[in-house]
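Beneath this line is the structure, given in structure tokens, with notes to follow.
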Amino acid sequence: MTETPAKDSIRPRRGRRDSRPSGDDRERAILATAERLLGGRALDEISIDDLARGAGISRPTFYFYFASKEAVLLSLIDRVVAEADAGSEGRLEELPADPTAHWRSTIDAFFATFRAHRAVTLAAARAHGTNREVQELWARVMENWIRRATAAITAERTRGAAPEGPPARDLAIALTSMNERVLLATFAADQPSLAEPEAVNTLLHIWLNAIYHPPTPPH
């Protein structure tokens with residue numbers, strides 16, 4: 001007599017993940033490979049074959065996700081910027097009564113994120129001089145940060161926490177540009193540059209003094 005298989009033995013197994021990678025998995029693999037390779041080589045020294053091989057895909061499959069390795073870099077920059085924005089606590093436009101801790105956490109969040117993605121940060125800085133798309137992307141990123149800082153400075157002046165001084169946008173441009181330069185110089189170990197442990201403290205000191213204790217202009 002033939003035994004009837006137990007119900008459990010013929011029931012489809014659930015919870016088993018398809019072994020074939022999804023499109024999102026492949027895209028993440030390309031990006032992870034690019035960031036890893038950028039840690040030791042310049043973008044110009046990395047080939048499409050390097051990226052495809054590292055991601056476990058073919059060269060034609062790579063082009064299904066990205067038009068070029070420069071497009072990969074643009075996507076990496078987008079992701080790092082989004083991570084930095086998400087890591088800053090609250091909105092700059094909504095500072096608490098004592099803003100020192102808030103400014104510190106905001107500056108530190110950006111510094112920590114770009115430090116964690118140092119290879120992408122430096123690759124973006126190198127590409128900025130020659131790649132128009134990187135230039136345009138970074139200009140939009142800077143404009144967003146400047147807009148937020150401008151709103152925060154304006155709000156602090158409106159509520160009487162900060163005295164009047166240079167136009168809020170001009171001050172925001174100067175301070176944000178300073179952050180960018182200090183961050184890049186520190187991560188690239190340019191000389192002169194600030195040591196990493198002191199960079200955030202120094203930037204915070206300058207931001208606080210520029211916003212809340214502006215010097216008296218000469219007569």
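In this text, all values refer to a predicted model and were calculated from it rather than measured experimentally. One is the number of the first residue; the rest follow in order along the sequence. Values reported hereafter were calculated over all heavy atoms of this structure, with side chains retained and with hydrogens, waters and symmetry mates removed.
- For residues 152-200, the set of pairs meeting the ring pair (Phe, Tyr, Trp, His ring centres under 6.0 Å) definition, not counting sequence neighbours, comprises F111-F187.
- Applying the ring pair (Phe, Tyr, Trp, His ring centres under 6.0 Å) test to residues at least two apart or on different chains, none of the pairs has a partner in residues 152-186.
- Counted by atom type alone, W207 and N179 present one or more donor-acceptor pairs between their side chains at under 3.5 Å.
- Legend: residues meeting side chain to side chain donor-acceptor pair (under 3.5 Å) with S177, ordered by chain and number and at least two apart, are absent.
- Partners of R36 under the salt bridge (Lys or Arg N to Asp or Glu O under 4.0 Å) rule, at least two apart in sequence or in another chain, do not exist in this structure.
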Only distances under 3.5 Å count here; give the side-chain donor-acceptor pairs of residues 124-131 to other protein atoms, sequence neighbours excluded, each with its distance to 0.1 Å.
{"unit_1": "N131", "atom_1": "OD1", "unit_2": "E133", "atom_2": "N", "d": "2.9"}
{"unit_1": "N131", "atom_1": "OD1", "unit_2": "V134", "atom_2": "N", "d": "2.9"}

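- In this structure, W103 CH2 and E156 CD are separated by 7.0 Å, a value rounded to the nearest 0.5 Å.
- Residues satisfying the salt bridge (Lys or Arg N to Asp or Glu O under 4.0 Å) test with E143, not counting sequence neighbours, are R169.
- For S58, the side chain to side chain donor-acceptor pair (under 3.5 Å) test picks out T61, with sequence neighbours left out.
- Listed by chain and number, the residues in a salt bridge (Lys or Arg N to Asp or Glu O under 4.0 Å) with R59 are D49 (sequence neighbours excluded).
- Annotation: side chain to side chain donor-acceptor pair (under 3.5 Å) contacts of D44 (sequence neighbours excluded): none.
- Checked against salt bridge (Lys or Arg N to Asp or Glu O under 4.0 Å), E196 has the following partners two or more places apart in sequence or in another chain: R118.
- Between F62 and F66, the ring planes are tilted. Angles from 30° to 60° get that label.
- With sequence neighbours excluded, the residues that form a side chain to side chain donor-acceptor pair (under 3.5 Å) with E70 are S68.
- Annotation: ring pair (Phe, Tyr, Trp, His ring centres under 6.0 Å) contacts involving residues 24-49, sequence neighbours excluded, are absent.
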